[in-house]
Engineer: 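Right, I'll just put the structure down here and ask away after.
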Protein chains: 2
Amino acid sequence: MSRKTFQRLSLDVRRRSLIEATLTCIARDGLHGASVRRITEEAGVTVGLVRHYFGSKDDMIRNAYAYLVGQLTAQASESARATEGTPEAKLASFLRANLTKPNMDEQTVSLWATFIGRVRHDPDFAEIHRDGYREFLNVLETLIEPVLIDHGCPHSVAICRNHAIALNGLIDGLWMEGALNSGLYAQDILPDLITGAAERLLELPAGALSAPDIALQSARHQTHSEQQSKPS
Amino acid sequence: MSRKTFQRLSLDVRRRSLIEATLTCIARDGLHGASVRRITEEAGVTVGLVRHYFGSKDDMIRNAYAYLVGQLTAQASESARATEGTPEAKLASFLRANLTKPNMDEQTVSLWATFIGRVRHDPDFAEIHRDGYREFLNVLETLIEPVLIDHGCPHSVAICRNHAIALNGLIDGLWMEGALNSGLYAQDILPDLITGAAERLLELPAGALSAPDIALQSARHQTHSEQQSKPS
DNA sequence: ATCAAAATTATTCAATTGTATAACAATGAG
DNA sequence: CTCATTGTTATACAATTGAATAATTTTGAT
């Protein structure tokens, strides 16, 4: 019986393929069902490669966690960056993105919770979590400040930070409970719900985030040089 | 070599002792480190009892999850019920209780996240989660409604429910990120932060929840028959 | 075309897992 | 005091686990 034929791939490609297989398996089988054998089978390689590329299974899982957190934050940030228009529109887009596909996904939340459960037991997990959380807070602060300025609200660093902490809590909680979808309400109410809630949290006039057209009118006397581009 | 001496305990006591040992082990060693042997050693019995009382390890863990959720909800509800005074004081007490010890505890959050990670893979876990979530929402609605009425705010069933969903998200998110304590801010800012945030979410006058004395004055013209009892 | 380097496979190993079964002893009824 | 009940211990077992080692094949440099 002949050996399996194989390709030698670059370090980056192999590592990524193993990491993605790890996430796939944990999402599908849970942490306890994601054995080295199943993961490597999913990646189309044999077990030895784990040791070769990561040293140990735990180290591979750590890398998978960091990869997931990075993806989540990057997706959310990108969604805000890609939105043109007023700061209100950017913030609203960011909030809504967190509560719609693909960001709000049961599989992703499940993965995330599984990893969070290890933060306490593994310093590396704790560091990955802290970095991801800090990054998320920073993005939020950056989005919040211009909105506060636009509406003449207080916008000191401390105030922006506290708003970011609260808003992040709101996002996290709704994201998690919404994605797990216990069936107590329809998931699609959440984007509107969070923009409305954010308006009140930041003490913006009603509709500032949830009704962009109205908000645009009321904001026009401040930033009349900007014009909203209609999506095709 | 003689056998281990033992006591025959009642069904309830044994089951609870095994359940608590299960939670202790998962909190200490993580889900993967909580083997039947370690759990039974923690409980001071031998491995055979798991089969005898629960049938399987998975079934024992399911029971441990239900036990944890029940405790969490009961503690939170009790903290609100025990507070005498205005509806505002009750709601504020409930909110603050969720973000202070013993409710906000890294070990508990870690346990909770670990279990949440299994909701997707086990229908029994999903049911336990849904029941706990529904119960929490109901408590919140019950606390929110009289506050809205006191301040002359709209308080339809739908409005109360939406407020409860948002407030629950806020609680969950802050509770989780706060307990994991990434060190980005001091944990003890959270009780004040959430009462302030809740005021704005519910569109109450500033201080209605965060500064009970001032709130009492402003509410006195509505509910002047009530009097606050000073804590000893 | 050759050959050394190293990426990958194949296999082995000890340890641990959850569960099943049999032996035992604590307990309460009579 | 006796004895059956059954809660509990002790042991066995097959399966699976993560990791280590050895064998082999691909690849790129020369």
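We name chains A, B, ... by the order of the sequence lines, and we start the count at 1 in each one.
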Engineer: Is B/S35 near enough to C/dT17 that one of its side-chain N or O atoms lies under 4.0 angstrom from OP1 or OP2?
Structural biologist: yes
Engineer: Quick one: the side chain of A/R51 and the base of D/dG18, do they pair up donor-acceptor inside 3.5 Å?
Structural biologist: no
Engineer: Does the B/Q187 side chain pair with the main chain of B/G178, one donor and one acceptor, at a distance under 3.5 Å?
Structural biologist: yes
Engineer: Whole angstrom is fine here: how far is it from CZ in A/R38 over to P in D/dA15?
Structural biologist: 16 Å
Engineer: Please work out whether the ring planes of B/F115 and B/F125 are parallel, tilted or perpendicular, with thresholds of 30° and 60°.
Structural biologist: tilted
Engineer: With a cut-off of 6.0 Å (strictly less than), are more than 12 heavy atoms of other residues, nucleotides or ligands near CD of A/Q75?
Structural biologist: yes
Engineer: Atom pairs under 3.5 Å, N or O on each side, protein against nucleotides 6-9 of chain C: can you list them with distances?
Structural biologist:
unit_1, atom_1, unit_2, atom_2, d
C/dA6, N3, A/R8, NH1, 3.4
C/dA6, N3, A/R8, NH2, 3.2
C/dA7, OP2, A/H52, NE2, 3.2
C/dA7, O4', A/R8, NE, 3.4
C/dA7, O4', A/R8, NH2, 3.1
C/dT8, OP1, A/Q7, O, 3.0
C/dT8, OP1, A/L9, N, 2.7
C/dT8, OP1, A/R14, NE, 3.1
C/dT8, OP1, A/R14, NH2, 3.3
C/dT8, OP2, A/Y53, OH, 2.3
C/dT9, OP1, A/K4, NZ, 3.1
C/dT9, OP2, A/T46, N, 3.0
C/dT9, OP2, A/T46, OG1, 2.7
C/dT9, O5', A/T46, OG1, 3.2
C/dT9, O2, A/R3, NH1, 3.0
C/dT9, O2, A/R3, NH2, 2.9

Engineer: Mind calculating the distance between CG (B/D29) and P (C/dT17) to the nearest angstrom?
Structural biologist: 10 Å
Engineer: Whole Å only: how far is the CD1 atom of A/I39 from the P atom of D/dG18?
Structural biologist: 8 Å
Engineer: Run the side chain to side chain contact (heavy atoms under 4.5 Å, CB included) test against B/V45 and tell me which residues pass, sequence neighbours left out.
Structural biologist: B/R14, B/L18, B/T40, B/A43, B/L49
Engineer: Can you list the residues that meet the side chain to side chain contact (heavy atoms under 4.5 Å, CB included) rule with B/E20, with sequence neighbours excluded?
Structural biologist: B/R16, B/Y67
Engineer: Rounded to whole angstrom units, what separation is found between the NE2 atom of B/H32 and the C1' atom of C/dG18?
Structural biologist: 17 Å
Engineer: To the nearest Å, how far apart are A/R37 CZ and C/dT11 C1'?
Structural biologist: 11 Å
Engineer: Take atom CG of B/L11 and atom C1' of C/dT27, then tell me their distance rounded to the nearest Å.
Structural biologist: 16 Å
Engineer: For the pair A/S110 (side chain) and B/G117 (backbone), establish whether a donor and an acceptor sit closer than 3.5 Å, ignoring hydrogens and angles.
Structural biologist: yes
